[in-house]
Amino acid sequence: MSRPVIVVGAGPVGLLLAGELRLGGADVLVLERAPRPSGESRGLGFTARAAEVFAQRGLLRRFGDVETSPQGHFGGIPMDYSVLEGSHFGVRGIPQDRTERLLERWAVELGARVLRGHEVVGLHQDADGVVAAVAGPDGRVEFEGSHLVAADGGRSTVRGLAGFDFPGTPASREMYLADVVGRGIKPRFIGERVPGGMVMSAPLGGGVDRIIVCERGTPHRERRTAPGWSEVADAWQRLTGESLHDAEVRWVSAFTDATRQVTEYRRGRVLIAGDAAHTHLPAGGQGLSLGVQDAANLGWKLAAVVRGWAPPDLLDTYHAERHPVGARVLRNTRAQGHLYLSGEEVEPLRSVVAELIEIPEVGRHLSGMVSGLDVRYDVGPGDHPLLGRRLPGADLPTARGLATGVPAGAVAGWADRVDHRPGGPPLLVRPDGYVAWAGDGAADGLDTALRRWFGAPAPTPAAAPTETERQPA
Ligand SMILES: Cc1cc2nc3c(=O)[nH]c(=O)nc-3n(C[C@H](O)[C@H](O)[C@H](O)COP(=O)(O)OP(=O)(O)OC[C@H]3O[C@@H](n4cnc5c(N)ncnc54)[C@H](O)[C@@H]3O)c2cc1C
């Protein structure tokens, strides 16, 4: 058996990545510190682009009926996200632990191994592979892998072990959150600016409400443990006048506006994804979704390297493509933080931004930015409007490339990596749903694009695999 790719962390990013790697035919071992799933509600949904990523792999329907809302906000200023075609303010009301359970089931169905109670405490890499030292239930053990991906969250241990730089701005504010049972708290879906700060509340179903409290002037502390409920209830009462002190609470936590990003997404055989690579204020619910898109971008490329067909620089395009996208999310969440959480002095700016948002082109721009739908990768020369953009409605359950509207012979050499559909516009779509080539009738440039993204053709045209053969080894 070949050495696996080691994924550290069974959060949403590590689990999606594990499934993506399996679809690409790589062996996968997920090492997770926690002995059992956390059960924490945390992120309550995902953005429009993350929903498309899940739909592409047939995962969205596993959530059942999902609710999307066109009405959202930018920095607490109401905004209609449907002003951009295909966009919305996200799939809402899905606690993160449900997303994680669903992704874990999928990854395991595809053949990923998930070891819980295994904390990565040491790491060594050389030209041949990686070794992860792990504190497990039976003491210290070592696991060898071909590569290792740090998906171990905002306080990533692997980030430090592998020597990634993580510059940025330190926390200036602390916010509390709690899931409160049976109090029917007045909904404030996009948050309400009140004298002294901001409060938010939203029903989670089953009589539980999520509250968030941001009180201005509260000194930020570097916490290792959650705040006590009385601390949160005190702040809520100071800002709303309402006492929740005697309420039952499911979960209490705190977060900050610390904003940081690693300077490189790859160091040799170690790669980094999700919150481990970038942390920011959870404004607009973008964190989980940003990481999900990291995983979708990285999975097929790393699997291609492991399977031996990757062109030489394919893995480097992970940093080239995802670092700027992450940096942009960091900028928009910092901007939203100012608009949302500053005091009276920000009111003139808020009123100007509110006017701007009413201009449809501005609304479309912000909607594309926060939803993730406007991502455009540099995939090569050409000015076709679809080039480098996601293909809406792409259905890619087996995570292979897809060529449409071109002669079968043009892609025959890549039949083991690229599916062919004779109909439709002339396009080459990558396994992550982004358009790598778009023709205007002829197949000019298709061969170059195939070699750039899918490597050299098979020496003799490979027979297209059957559905059964397409399942990862
Ligand atoms: C209040 C709040 C609200 C949010 N709302 C949203 C939202 O609405 N939408 C959204 O998209 N995002 C939201 N987010 C952000 C979202 O929760 C995170 O972005 C997301 O959890 C990141 O996923 P991840 O897999 O990168 O990391 P994590 O979910 O943090 O997972 C990392 C995993 O690695 C494990 N681990 C850590 N160290 C080790 C180690 N040394 N060895 C082995 N395992 C290890 C951890 O136990 C954990 O299971 C919110 C966050 C907060 C705090």
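In each ligand, atom 1 is the first atom listed, and ligand 1 is the first ligand listed.
- Within the 4.0 Å heavy-atom shell around ligand 1 one finds Phe255.
- Taking CD of Gln71 as the reference point, atom OG of Ser82 lies at 6.5 Å (rounded to 0.5 Å).
- Those atoms of ligand 1 that come under 4.0 Å of a heavy atom in Leu177, given as number and element, are 1 (C).
- With respect to Asp27, the salt bridge (charged side-chain N to carboxylate O under 4.0 Å, His left out) criterion is satisfied by exactly one of Arg307, Arg3, Arg22: Arg22.
- Considering backbone and side-chain atoms together, Ser289 places an N or O closer than 3.5 Å to an N or O of ligand 1.
- For the residue pair Tyr377/Arg322, the side-chain donor-acceptor check at 3.5 Å is satisfied.
- The protein non-hydrogen atom at the shortest distance from atom 43 (C) of ligand 1 is Arg33 N, 3.2 Å.
- Ranking protein heavy atoms by distance to atom 39 (C) of ligand 1, first place goes to Asp152 CB, 3.7 Å.
- The protein atom (non-hydrogen) at minimum distance from atom 40 (C) of ligand 1 is Val120 N, 3.8 Å.
- Taking only nitrogen or oxygen atoms, main chain and side chain alike, Leu288 reaches within less than 3.5 Å of ligand 1.
- Once rounded to the nearest 0.5 Å, the distance linking CG of Asp128 with OG of Ser146 reads 11.5 Å.
- Residue Gly285 has at least one N or O atom closer than 3.5 Å to an N or O atom of ligand 1.
- Only the backbone of Ala151 comes within 4.0 Å of ligand 1, counting heavy atoms alone; no side-chain atom from C-beta on gets that close.
- Nearest protein neighbour of atom 2 (C) of ligand 1, counting heavy atoms only, is Pro282 CG, 4.0 Å.
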Side chain to side chain contact (heavy atoms under 4.5 Å, CB included) between Glu85 and Ser367, intermediate numbers included:
CA-CA 10 Å; Glu85 197 190 335; Ser367 177; over 6 Å; no
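- Taking the six-membered ring where tryptophan is involved, the planes of Phe63 and Phe54 are tilted, since the angle between them lies from 30° to 60°.
- In the model, Ser201 has a side-chain atom that pairs as donor or acceptor with a side-chain atom of Arg188 under 3.5 Å.
- In this structure, a donor-acceptor pair under 3.5 Å is present between the side chains of Asn332 and Gln336.
- Protein heavy atom closest to atom 49 (O) of ligand 1, with residue, atom name and distance, is Glu32 OE1, 2.7 Å.
- Neither the backbone nor the side chain of Leu290 has a heavy atom within less than 4.0 Å of ligand 1.
- Just one residue in the list Ile272, Thr279, Thr263 forms a side-chain contact (heavy atoms from CB on, under 4.5 Å) with Phe166, and that residue is Thr279.
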So Arg216 and Glu345, salt bridge (Lys or Arg N to Asp or Glu O under 4.0 Å) or not? Walk me through it.
CA-CA 13 Å; Arg216 273 192 296 281; Glu345 70 282 4; over 6 Å; no
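- Checking only distances, Leu44 does come within under 3.5 Å of ligand 1, N or O to N or O.
- Of the protein's non-hydrogen atoms, the one nearest atom 13 (C) of ligand 1 is Gly43 CA, 3.6 Å.
- At least one heavy atom of His118 sits closer than 4.0 Å to an atom of ligand 1.
- Between the choices Gly9, Ala34, Ala254, Gly284, the shortest heavy-atom distance to atom 34 (O) of ligand 1 belongs to Gly9.
- Using a 4.0 Å cut-off between heavy atoms, Val13 contacts ligand 1 through both its backbone and its side chain.
- Under the side chain to side chain donor-acceptor pair (under 3.5 Å) rule, Asp374 has a single partner from Arg364, Arg328, Arg49, which is Arg328.
- Scanning all protein heavy atoms for the shortest distance to atom 27 (O) of ligand 1 gives Gly153 CA, 3.6 Å.
- Ring-plane geometry between His278 and Tyr265 is classed as tilted, the angle between the planes lying from 30 to 60 degrees on a 0 to 90 degree scale.
- Comparing heavy-atom distances from atom 23 (O) of ligand 1 across Gly11, Gly291, Pro12, Gly274 singles out Pro12 as nearest.
- Close contacts of ligand 1 with Leu31, meaning ligand atoms under 4.0 Å from a residue heavy atom, involve 43 (C), 44 (N).
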Checking side chain to side chain contact (heavy atoms under 4.5 Å, CB included) for the pair Phe46/Val292: CA distance, chi angles, key distance, verdict?
CA-CA 9 Å; Phe46 30 87; Val292 158; over 6 Å; no
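- Near Gly45, meaning under 4.0 Å from any of its heavy atoms, are these atoms of ligand 1: 9 (N), 10 (C), 11 (O).
- Proximity to Gln96 (heavy-atom distance under 4.0 Å) selects the following atoms of ligand 1: 16 (C), 17 (O), 20 (C), 21 (O), 29 (O).
- With hydrogens left out, the protein atom closest to atom 19 (O) of ligand 1 is Asp275 OD1, 2.8 Å, a heavy atom.
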